Amino acid sequence: MPDAVHVRELTTDDLDAAWELGRFAFGSNPQRPAHASVEVPGMIRYGAFDGSGRLVGKAVDLHHDQWWSGRAVPAADVGGVAVAPESRGRGVARALLTALLGGAHERGAAVSALYPTVAAPYRSCGWEAAGVLRTVDLSTVALPRRRPAAHLSVRAGTPADLDAVADLYERVSRHRNGMLTRQGALFDHFNAKGDLPGDGLTLVEADGDLVGYATWQRGRGYGADSVLTVDEVLAVTADAARELVGVLGSWASVAPTLRLCPLDGDTVSAHLPLEAARDHARDLWMHRPVDVARAVSARGWPVHARGAVDFHLTDPLADWNTGAWRLAVADGAAELTRISGEADLRLDVRGFALLYAGAARARSVAQAGLLDCAGDADPSALDLLGAGGPAQLLDYF
């Protein structure tokens, strides 16, 4: 940590300076949103100050929960990291992230995710690339035409439907890994007005029950460059997915391009011509444990996974994670317990992040230099840590 830098939680008196620092760093709109100058529940803002008391860096701990195989795992997702240009390369970001991890650990967080503008500084602090949030463009006219199903009804949504929309999102997301629960004080604060997201909400119902929805923004114009942006489209039945894709395809005459973030392996993606998709944006996201014991015990595990493995973990920013551990998995649950002595498998915290998120297998982690194996130790024993499939994110923060 730089000698002249002091890190603390920001107060309301600091928020104007923090907004200006972030605005310059990210090239944001100079029009300041209302929440930028007030305290927000479910969010802790950290600031780094130089010897003169000037704010030279900031970072935000977002109090999210992430779904991991049916269980909500408390997270410290990171956003808004910015450092003044004169202070870059001097360890300010590392000081901020060290303080943020310490605070997150104290409040009970288990895991952390972030979207980096550049990966290297976060890798040096223990985060590792675990996935990509992909935004694609599709030709609207190429979408399959719908044949309206008699047992389904399609209508425009209203604010009164938002609770049902949230319930359907949970039905889709809770048994996946990594997706936000969209619950808690932070989401309650920003959703307090109960406004519809975007320009429109399209609902598909079966006997009065919601089975699919799409939220979208119309954009401008109706020429060759017009784009219909779908913020989210999810369904829990194949018929509902076909109905939604057909509704989106009906925009072809005035919006030749459909833009959306597909969710790998979900019901709607199975009905989209993704072979013709063009990447519009790719947002890398990174993951790391805040507390490895909590990260393992709090999540759900596949019921077929069973076994135990010993390993030594090294975590330079979170010393409470460093040491020798035994992972035991059985009956849909797992536990990490401290053990004495040494272990033949020595894992870096970045390797832990890759395995936990299902982003790599243990042999690949070893080839990347993030897992050392003594003697004849088999690195694949640590594949147990990755049981459950790859993590995904559908929210940008």
Side-chain angles (χ1 to χ4, degrees), residues 64 66-69 77 113-116 129-146 152 154 157 165-182 197-204 210-219 226-252 255-287 357-359 388-397:
H64 292 158
Q66 299 174 3
W67 287 121
W68 287 84
S69 298
D77 292 336
L114 57 82
Y115 287 93
V132 173
L133 176 62
R134 190 166 61 113
T135 304
V136 303
D137 286 349
L138 286 166
S139 172
T140 313
V141 74
L143 298 183
R145 292 289 170 251
R146 64 170 170 160
L152 298 178
V154 181
V165 168
D167 288 344
L168 189 141
Y169 169 81
E170 181 174 327
R171 290 175 64 187
V172 171
S173 63
R174 70 174 295 128
H175 294 292
R176 292 174 176 264
N177 288 335
M179 293 179 64
L180 303 192
T181 66
R182 298 181 183 171
D199 293 331
L201 169 63
T202 298
L203 306 181
V204 179
L210 186 66
V211 289
Y213 70 86
T215 60
W216 44 268
Q217 299 180 56
R218 170 61 182 90
S226 180
V227 177
L228 179 71
T229 300
V230 178
D231 297 312
E232 191 160 279
V233 53
L234 297 175
V236 292
T237 70
D239 285 343
R242 281 189 285 266
E243 198 78 19
L244 286 168
V245 171
V247 170
L248 296 175
S250 72
W251 287 91
T257 298
L258 179 74
R259 182 167 294 158
L260 78 164
C261 295
L263 180 62
D264 290 343
D266 85 313
T267 309
V268 174
S269 292
H271 295 86
L272 293 173
L274 292 176
E275 73 282 358
R278 305 179 304 277
D279 278 358
H280 172 73
R282 295 174 61 86
D283 294 298
L284 178 76
W285 58 269
M286 306 180 80
H287 209 265
Q392 298 170 287
L393 276 175
L394 197 55
D395 293 85
Y396 186 89
F397 47 81

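In this text the structure is predicted, and so the values were computed from the model without any measurement.
Between the side chains of Tyr213 and Glu232, at least one donor-acceptor pair of N or O atoms lies under 3.5 Å. In this structure, a donor-acceptor pair under 3.5 Å is present between the side chains of Asp77 and Gln66. Counting only N and O atoms by type, the side chains of Ser69 and Asn177 include a donor and acceptor under 3.5 Å apart.
Within a 6.0 Å sphere centred on CZ of Arg145, heavy atoms belonging to other residues, nucleotides or ligands number more than 12.
Exactly one residue among Thr140, Asp137, Thr229, Asp231 makes a side chain to side chain donor-acceptor pair (under 3.5 Å) with Arg259. That residue is Asp137.
Put simply, the side chain of Leu393 does not reach to within 4.5 Å of the side chain of Leu133, judged on heavy atoms. Residues Leu143 and Leu258 form a side-chain contact, since some pair of their non-hydrogen atoms from C-beta on lies under 4.5 Å apart. Side-chain atoms of Val154 and Leu203, non-hydrogen and from C-beta on, never get closer than 4.5 Å to each other. Side-chain atoms of Pro273 and Ser139, non-hydrogen and from C-beta on, never get closer than 4.5 Å to each other.
Once rounded to the nearest 0.5 Å, the distance linking CG of Leu234 with CG of Leu244 reads 9.0 Å.
Ion pair Asp199/Arg218 not flagged as a salt bridge, since none of the NZ, NE, NH1 or NH2 atoms sits closer than 4.0 Å to an Asp/Glu carboxylate oxygen. Comment: Asp395 engages Arg182 in a salt bridge, judged by a side-chain N to carboxylate O separation of less than 4.0 angstrom.
Panel note: side chain Ser269, backbone Asp266; no donor-acceptor pair is recorded below 3.5 Å.
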